[in-house]
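Here is the structure we will look at, set down as structure tokens.
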Amino acid sequence: MSTNEKLRIVKENIRSYPDFPKKGVLFWDVFSILGNSQSLKALMDLLVDHVSSINSPIDAVIGLESRGFLLGPSIALSLDVPFVPIRKKGKLPGKLAEKEFTLEYGSDTFEIQRDSLKAGQSVLIVDDLLATGGTMNAACQLMDDLNVKVAECFVIIELTDLKGRDNIKYPIHSLIQY
């Protein structure tokens, strides 16, 4: 199956929900991709194909809470590297680094365990969606704080009108743009 056919299958299985989580927000839901084995297979093929083409070493895959947790482990396995979660405040034990960020509908704080990465390592950051760039930028800033290089930020969906890409200083790859 061609890349374009796989993209078509994935895109056909993404649902949108108006006014969620609050009025005025159009929520693009990747869970609907996971509910169809053909679209899930197509998505995983696209993810693995893309990450295998990244020309920078990747020492770990970082998944952003919570949908990055669905994608990151499979990508990490395909690269034979560790998976490291970035979670919302209060969900991780141990010594933590944290970064507060704003969303299109509020604010939050991300945390990562300080001993999960070493200075100088290179990572791939994974999430389902890039909107205003708040969550991805916070993750990138956490990597900067830990002296970890970001090889790429990878998302399934990018909402281009919100210009979140403009807030990220690292390379970004999105499979689907709305």
Side-chain angles (χ1 to χ4, degrees), residues 2-36 38-51 53-54 56 58 61-75 83-89 99-112 123-144 150-178:
S2 73
T3 297
N4 286 340
E5 180 67 10
K6 291 174 187 175
L7 280 169
R8 182 192 62 75
I9 290 168
V10 169
K11 195 170 184 177
E12 285 176 355
N13 283 280
I14 296 172
R15 286 190 226 150
S16 62
Y17 296 89
D19 298 322
F20 183 83
K22 73 175 205 172
K23 189 164 179 60
V25 174
L26 179 61
F27 185 84
W28 295 93
D29 187 19
V30 298
F31 282 142
S32 52
I33 298 168
L34 306 179
N36 175 296
Q38 185 181 18
S39 62
L40 178 57
K41 172 76 168 106
L43 175 62
M44 296 316 298
D45 287 351
L46 290 165
L47 295 174
V48 170
D49 288 349
H50 174 71
V51 298
S53 73
I54 296 173
S56 182
I58 296 172
V61 174
I62 307 298
L64 305 188
E65 185 166 335
S66 66
R67 287 171 178 81
F69 297 174
L70 301 172
L71 309 170
S74 294
I75 295 170
F83 170 76
V84 178
I86 289 183
R87 302 228 37 207
K88 291 186 179 171
K89 189 172 182 78
K99 188 63 65 178
E100 189 172 337
F101 61 95
T102 57
L103 302 157
E104 55 273 25
Y105 48 84
S107 66
D108 216 329
T109 302
F110 266 163
E111 293 180 328
I112 188 169
V123 299
L124 171 69
I125 301 176
V126 180
D127 202 5
D128 66 327
L129 181 118
L130 179 65
T132 62
T135 57
M136 188 63 74
N137 189 43
C140 291
Q141 289 177 7
L142 273 173
M143 296 303 102
D144 290 345
V150 177
E152 184 177 277
C153 302
F154 182 83
V155 296
I156 297 172
I157 301 168
E158 180 179 0
L159 304 179
T160 57
D161 288 348
L162 296 178
K163 301 188 186 307
R165 177 179 292 267
D166 296 348
N167 298 318
I168 313 297
K169 67 180 183 180
Y170 295 105
I172 298 169
H173 181 76
S174 57
L175 290 177
I176 297 166
Q177 300 78 36
Y178 292 112

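As the structure is a prediction and not an experimental result, all values here were calculated from the model.
Between the CE atom in Met143 and the CD1 atom in Ile125 there is a gap of 5.5 Å [rounded to 0.5 Å]. Taken to the nearest 0.5 Å, the NE2 atom of His50 stands 9.5 Å off from the OG atom of Ser174. For the atom pair Lys169 NZ and Gln141 CD, the distance stands at 8.0 Å (nearest 0.5 Å). Expressed to the nearest 0.5 Å, how far CG of Leu43 lies from OG of Ser74 amounts to 9.0 Å. Note that the SG atom of Cys153 and the CG atom of Leu124 stand 8.0 Å from one another [nearest 0.5 Å]. Expressed to the nearest 0.5 Å, how far CD1 of Ile157 lies from CD1 of Ile14 amounts to 3.5 Å.
Looking only at distances, a side-chain donor or acceptor of Asp19 sits under 3.5 Å from a matching main-chain atom of Gly24. Between the side chain of Asn13 and the main chain of Ile9, a donor-acceptor pair closer than 3.5 Å is present. Checking side-chain atoms of Asn167 against main-chain N and O of Thr132 turns up a donor-acceptor pair under 3.5 Å.
Under a 4.0 Å N-O distance rule, the pair Glu111/Lys89 qualifies as a salt bridge.
Here the closest non-hydrogen pair linking Gly164 and Leu130 is C-CD2, 4.2 Å. Taking each heavy atom of Ile86 and Ala139 in turn, the nearest pair found is CD1-CB, 3.8 Å. Counting all heavy atoms, side chain and backbone alike, Leu26 lies closest to Ser16 at CD1-CB, 3.8 Å. The nearest pair of heavy atoms linking Glu100 to Ser107 is OE2-OG, 4.3 Å. What you find for Ile112 and Pro85 is that their closest heavy atoms are CG1-O, 3.9 Å. The shortest non-hydrogen separation linking Gly133 to Ile168 is O-CD1, 3.6 Å.
Ile54 is not listed as a side-chain neighbour of His173, based on a closest heavy-atom distance of 4.5 Å or more. With contacts defined as side-chain heavy-atom distances shorter than 4.5 Å, the pair Trp28/Ile156 does not qualify. In this structure the side chain of Phe31 reaches within 4.5 angstrom of the side chain of Arg67, judged on heavy atoms. Put simply, the side chain of Met44 reaches to within 4.5 Å of the side chain of Leu40, judged on heavy atoms. Under the 4.5 Å side-chain criterion, counting only non-hydrogen atoms from C-beta, Val10 is not in contact with Leu175. Residues Phe83 and Val126 are not in side-chain contact: their nearest non-hydrogen atoms beyond the backbone lie 4.5 Å or more apart. With a 4.5 Å cut-off on side-chain heavy atoms, Lys11 and Tyr178 count as touching. Looking only at side-chain heavy atoms (C-beta outward), Leu129 and Val155 stay at 4.5 Å or farther from each other.
In this structure, Tyr17 and Phe27 have tilted ring planes: the angle between them lies in the 30° to 60° band.
Among residues two or more places apart in sequence or in another chain, the ring-ring contact (aromatic ring centres under 6.0 Å, His included) test is passed with Phe110 by Phe101.
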Task: From CA spacing to verdict: side chain to side chain contact (heavy atoms under 4.5 Å, CB included), Glu152, Ser56 - done: CA-CA 9 Å; Glu152 184 177 277; Ser56 182; over 6 Å; no
TODO: Might you work through the side chain to side chain contact (heavy atoms under 4.5 Å, CB included) test for Asp49 and Lys6, ending with a clear yes or no?
DONE: CA-CA 11 Å; Asp49 288 349; Lys6 291 174 187 175; 4.0 Å; yes
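Other residues, nucleotides and ligands contribute over 12 non-hydrogen atoms within 6.0 Å of the CD atom of Gln177.
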